[in-house]
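Here the structure comes first, spelled out in structure tokens, and everything after it is commentary.
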Number of protein chains: 2
Amino acid sequence: MKALVMGCGNIGSVAAEDLAVSMSSLEVVVADKDEAKAKSVAERIGRSNVSWVQVNAMNHAELVDSLEGFDVILGFLPGDLGFRLTEACIDAGKDLVDVSYMEENPLTLNDEAAKADVTVVPDCGLAPGISNFLVGHAVSKLDKVGCIGIMVGGLPEKPVPPLGYTITWSPESLIDEYTRKARIVRKGKVVEVEALTGVEEVVFPGVGKLEAFYMDGLRTLLETMKNVGDMWEKTLRYQGHVEKIGLLRDLGFFDERQVDVDGAKLAPRKLTARLFEQRLRKPGIRDVVALRVEVSGFREGKRTSYAYHLLDLYDDKRNTTAMARTTGSCASVVAQLIARKVVKVKGVVPPEVLGKDERIYREFRRELEKRNIAINEKISG
Amino acid sequence: MKALVMGCGNIGSVAAEDLAVSMSSLEVVVADKDEAKAKSVAERIGRSNVSWVQVNAMNHAELVDSLEGFDVILGFLPGDLGFRLTEACIDAGKDLVDVSYMEENPLTLNDEAAKADVTVVPDCGLAPGISNFLVGHAVSKLDKVGCIGIMVGGLPEKPVPPLGYTITWSPESLIDEYTRKARIVRKGKVVEVEALTGVEEVVFPGVGKLEAFYMDGLRTLLETMKNVGDMWEKTLRYQGHVEKIGLLRDLGFFDERQVDVDGAKLAPRKLTARLFEQRLRKPGIRDVVALRVEVSGFREGKRTSYAYHLLDLYDDKRNTTAMARTTGSCASVVAQLIARKVVKVKGVVPPEVLGKDERIYREFRRELEKRNIAINEKISG
């Protein structure tokens, strides 16, 4: 069997190595638009079942051709290319596990994917990803769902001045997260809430005091989870972060409207993104990933709640961030479940749907545990 | 007698009105480079002894000519014009009371001023200004001076989000204050300390909890106060201000080094100044002025300390800020003391030198009290 890993960033390379190590029968090809990058990732993994190729994801026909001969595709492309890759996989008749966090709604491709007899698992990282698996599993155990709450954060191991935070992704996306309204469910209805609101203090085991605030991360759950009282996702940061970010927002540093400075016109947000890039990116810093999912409702007439905690640390041996580890592992495991025909359902199947299937969920959890990604589960009620 | 008030901003117009009201024998002419502004200030004061004129302070010869026929000049020009005005007054043989906060050292003109038989009182506002009078007075009472500490703040009546502060002057100057090293005296030596350091909590009577930090405000005191153990000036702000400003500094928003944004080059400080202008200037907001001067040392072999508190409020009747009131009153009172020949000393005479003279000090305090600018004085030891 052959797997194609599209995108050779941190996460893609972790997933590629995981695939190659866990399924020696699998031929893994890593692809990137940057030939040197693809080559260096393949060489770094250094396994006989790993090779590399240069692929241009911008051209649809070329992309469809590139997928020829593969059994499963793993997508780690930037958000603006995720939907294109999904369309190409459907056209090429290839299964896809995607972690692009695409802006478009992948569920709109469900009929086409089903018709092409293809399995597409979108949003298959940490959150969305592992979080959706856990939500799906808990919901499958309940007769009536009251509240679904997700809290997730990728953080430096210790607060790093000045914001207690470092960036591993684009500063523009970070600022988007701090300004974009969040869609949550309140009393059964989808509503929008302002960014940086819903702030609460959280003591996270193994990390300490954090604060959580709404972010727009529910995505497919807004469509797949019906008849739910309340549902929200919150981002986790070290204490004091929201106040500082709120200050920058209130002073206008996130504004998109251009300001006239010495005759030049400039959106403050763009300068802020540049300064964030300079000041908040600290390569090599050890990170932690904290995820909490709580689902409460009724089971056989009784109040029941499921609480899951995941805490993952930086991998010193492999110099891999917890964020890349958890995200890449989720995608790799699901791709293997497809390759092994544990996952057989066709169409666009977000992870929460897979989590509802007891056998898939057990396999998924078992595989994560093998990788030392342990999820603490507590059922009460 | 005739007085010329150079500069028709908030402070200049307060001083002009004060002069006209307190000395009806005085002919007051208000001057500005902007004819309409000068005219409107004269009309607003609406007194028969007030008229206006347009003056260009950029051309030395023209400026010297403009001073012809006046007995005393009051300078409220921007910092970069203060030294020019001082030179012009000396050349024209006119006494000057200045509040321009000029960058140059006015004391370098002392010999020229003395030779021209002219009195120049520089830095004659609130702080520097009233603060220097108080320092001078206390020092004149002591045989040995241990410590001189000045704390001063012009604040909104209540903390105003997001910084607890509003600007009444240029945002560029404000940022300068937050980044420029401060010169203080430590163990008898002038040393430079970093901006935003020396932070301490202060409970100011009538205002509440504030915080104070070093600023570069000692100016002439660094030369006139010799044999002093410690001497410093601190700015007062509402609590939390330093942390917020420190965040902006740490993120690079005060940097003068240009950053490349979409091909355009821009110093972050310039954009920040524009945003401060948009967000921190709130015309019509009621302000307070808080000033604390403490001078301690030995008098007749005994530990003695002088503590002065000044708290001034927004003047609702006249719609005048406490900052304009205190600054403009100090300048007006000193100009009148010159006109009345109470102040007769020639040369460049900073206010602390005047404060050492018991008669001048008593007159000065009495005049401030008439204007409801009360200074609480406490002598202990």
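Only a predicted model underlies this, so the values are computations on that prediction, with no experimental measurement involved. Just so we're on the same page: letters track the sequence lines, and every chain starts at 1.
- Classification of B:Arg237 and B:Glu177 as a salt-bridged pair holds, one side-chain N sitting under 4.0 Å from a carboxylate O.
- Of the listed residues B:Gly246, B:Pro268, B:Ala264, the one with more heavy-atom pairs under 4.5 angstrom with chain A than any other is B:Pro268.
- Options B:Leu248, B:Val261, B:Leu266, B:Asp260 differ in how many heavy-atom pairs under 4.5 Å they form with chain A, and the most are formed by B:Val261.
- Heavy-atom pairs under 4.5 Å with chain A peak, among B:Asp250, B:Leu275, B:Asp255, at B:Leu275.
- Using a cutoff of 4.0 Å between basic side-chain nitrogens and carboxylate oxygens, A:Lys270 and B:Asp262 are scored as salt-bridged.
- Between chain B and the residues A:Val259, A:Leu271, A:Leu163, the largest count of heavy-atom pairs under 4.5 Å involves A:Leu271.
- Using a 4.0 Å cut-off between a side-chain N of Lys or Arg and a carboxylate O of Asp or Glu, B:Glu201 and B:Lys234 do not qualify as a salt bridge.
- A donor atom on one side chain and an acceptor atom on the other are not found under 3.5 Å apart for A:Arg281 and A:Thr168.
- Note: B:Phe213 and B:His241 have parallel aromatic rings, judged against thresholds of 30 and 60 degrees for the angle between ring planes.
- Using a 4.5 Å cut-off between heavy atoms, B:Phe276 contacts chain A through its side chain alone, with no backbone atom that close.
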